[in-house]
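Structure first, commentary second.
Numbers restart at 1 for each chain; the letters A, B, ... are given by sequence-line order, proteins then strands.
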Amino acid sequence: MTNHSIRQALRRDFLRHSCCGFGSLALASMMRDQAAADTVSQRAVRQYRFEPKAKSVIFLFMAGGPSHLETFDPKPLLDRLSGQPRPREFGEAKYQFVTGDAKLLGTHVRFEKSGQSGIEVSNLFPNVAKCIDDIAVVRSCYGDVVVHSAAQYELFSGRVVPGFPSMGSWVVYGLGSESDSLPAYVVLPDPDGALEAGRPMYMNGFLPAVHQPLMLRSGSRPILNLDLPKGVSLAERSKTIELIRQLNTADAASTQSPVIDDELEARIDSYELAFRMQSEAPQVFDLSTETRETLDLYGIGKEPTDDYGRRCLLARRLVEKGVRFSVVVSGGGPGNKQWDAHKDIVENHDRMASETDLPIAGLLQDLKRRGLLESTLVVWGGEFGRSPEAQTSKGRDHHNLGFTMWMAGGGIRGGTVVGATDEIGLRAVEKPFHFRDIHTTILHQLGIHQDDLTYPHLGRQERLTQIHGKVIREIV
Amino acid sequence: MREQSTHARQALELLNGRITNELAAALADRLQREASPEPADKVRLAYRLTAAREPSQQELALSVQFIQDVSLQEFALAMFNLNAFLYVN
């Protein structure tokens, strides 16, 4: 029996008991405790195949496609050939907008050897550069598509279409939560708006509904309705929630269906979680308890780093509370408010980097000095990179054939570089790694083998990785 | 694929939001006016209005006990959080 059906069987037994002579407090409270335990400790992965290094993941999602050429992949030849057509020996590439007669576009950045490892980082990231000895740079990433939505689905779920569970949902399905008062998977979106793939890229797909993310609101009130209405005490409201659970469960048990719809089950459970969140969440969101020095470290209270800084700090606090998977999104709404620099790569990336460089470095340093970096896997990247060729003279188009992602913490070997693109940054030529390899590596750091985290769907035991991925051995 | 919103936020809205609490007050008021002083009658009317059915013995017992322990207002709020009210089968 899979763990999923074991859980259903336990619940059925409790419901059968509850139908005959419910009313005893002991049974009621035992059922509540058991139900809570089911939610909290439920995990599909019962045995680690690898020694887990990471307990939590923070994904710093640079939405829209950050250019590897302006950030972590220096290409001096590209700068020398700026203005010329792409030499034929580099082969062909397919783009959304860039046409065959486009010219190569050099960069405006300088790459500096950084840290003790001497890895070159662009001067758009002076603060992240100082943390490079904790970072493993993967310069040979590639994906299958150049369209935002499809690429975002592939980045999150390993498939180019929506409807499949995101890596966050797989991870919390596999490992459950360390917190019983906060959801295990949280997304912190950019206030500038939604992305092309929309919410489906973050969602649970066919996994049980309880594994969907909590989408925070941007701005000063990440969750609404945390306060009780006037005239009700916490003790009274606790009883109300108990009544709601009892009535909904009694109702569900009375239907003839042998298995409760997982959606209904998640909703029944959500009240208890909501109640606990009322006490827990306000503390987590209250950044005034942090020192001025910490706020400054993240760039909070200053522009342009205040918003991303707040959300990075929030991610650290969520990790401290046991949240398993957080996504801190940089970029939202119109393309130019993302990293999607079709028109002007200089203006766009100067701005996007200035919003994120200090907060990201702050997060890495803060995790490290609190002893959290070892157990927190931080991942940086987007759904693709950008084209070496110019789009309408000053911009860069989407580019999936070779780009950069990086990882830090969670047992990752810092101060390393793996993989390479060709001399103009067109194609990953040395040790190419697909998103599935990034996923496999994330699972590996959490102690999970990709084959041990499966769910039956339409006759297939589905995994996060549609095709087997490999662990990026060089960085673990 | 059907878009789903996140459950914890929905539960918070349904428990603490202005609209549901105003509705609960209105329902509690109506139960006072239209049902007999017997808590069981209030419960039966509440179920008829929100779930379009009679309560089971178990639901009746739980609800009557609750009204005596806590309040009619909170009971009314619970009615608006029934799956039977919120969802169509």
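- To the nearest 0.5 angstrom, Arg267(A) atom CZ is 8.5 Å from Leu14(B) atom CG.
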Steps toward side chain to side chain contact (heavy atoms under 4.5 Å, CB included) verdict (Gln58(B), Gln246(A)): CA-CA 10 Å; Gln58(B) 185 195 354; Gln246(A) 290 168 342; over 6 Å; no
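- Interatomic distance, Asp251(A) CG to Phe85(B) CZ, rounded to the nearest 0.5 Å: 14.0 Å.
- Of the atoms belonging to Leu226(A), heavy atoms from both backbone and side chain fall under 4.5 Å from chain B.
- Listed by sequence position, the residues of residues 151-161 of chain A in contact with chain B number zero, using a 4.5 angstrom heavy-atom cutoff.
- In this structure, Glu236(A) and Glu74(B) approach most closely via the heavy-atom pair O-OE1, 4.5 Å.
- Residue Leu224(A) touches chain B through its backbone alone, counting heavy-atom pairs closer than 4.5 Å.
- Each of Asn225(A), Ile244(A), Val232(A) was evaluated against Leu15(B); a single residue qualifies, Ile244(A), per the side-chain contact (heavy atoms from CB on, under 4.5 Å) test.
- Of all heavy-atom pairs between Ala274(A) and Ala11(B), the closest is CB-CB, 3.6 Å.
- With a 4.5 Å cut-off on non-hydrogen atoms, Ala84(B) touches chain A through its backbone and its side chain both.
- Heavy atoms closer than 4.5 Å to chain A are found in the side chain of Asn21(B), but not in its backbone.
- When the shell of 6.0 Å around CD of Gln57(B) is examined, it contains 12 or fewer heavy atoms from other residues, nucleotides or ligands.
- In terms of heavy-atom pairs under 4.5 Å with chain A, the best-connected choice from Arg18(B), Arg53(B), Gln65(B) is Arg53(B).
- Contacts of Leu273(A) with chain B are made by side-chain atoms alone, with heavy-atom separations under 4.5 Å and no backbone atom involved.
- A donor-acceptor contact shorter than 3.5 Å is absent between the side chain of Asn83(B) and the backbone of Asn248(A).
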Let's go through Leu12(B) and Ile223(A) carefully: what are the C-alpha distance in whole Å and the side-chain angles of both, what is the deciding distance for side chain to side chain contact (heavy atoms under 4.5 Å, CB included) to 0.1 Å, and is it a yes or a no? CA-CA 9 Å; Leu12(B) 285 169; Ile223(A) 301 183; 3.5 Å; yes
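- Applying a 4.5 Å heavy-atom cutoff, the residues of residues 35-52 of chain B that approach chain A are Tyr47(B).
- The two atoms that bring Leu243(A) and Leu62(B) nearest to each other are CD1-O, 3.9 Å, heavy atoms only.
- Heavy-atom pairs under 4.5 Å with chain A peak, among Val70(B), Asn81(B), Leu86(B), at Asn81(B).
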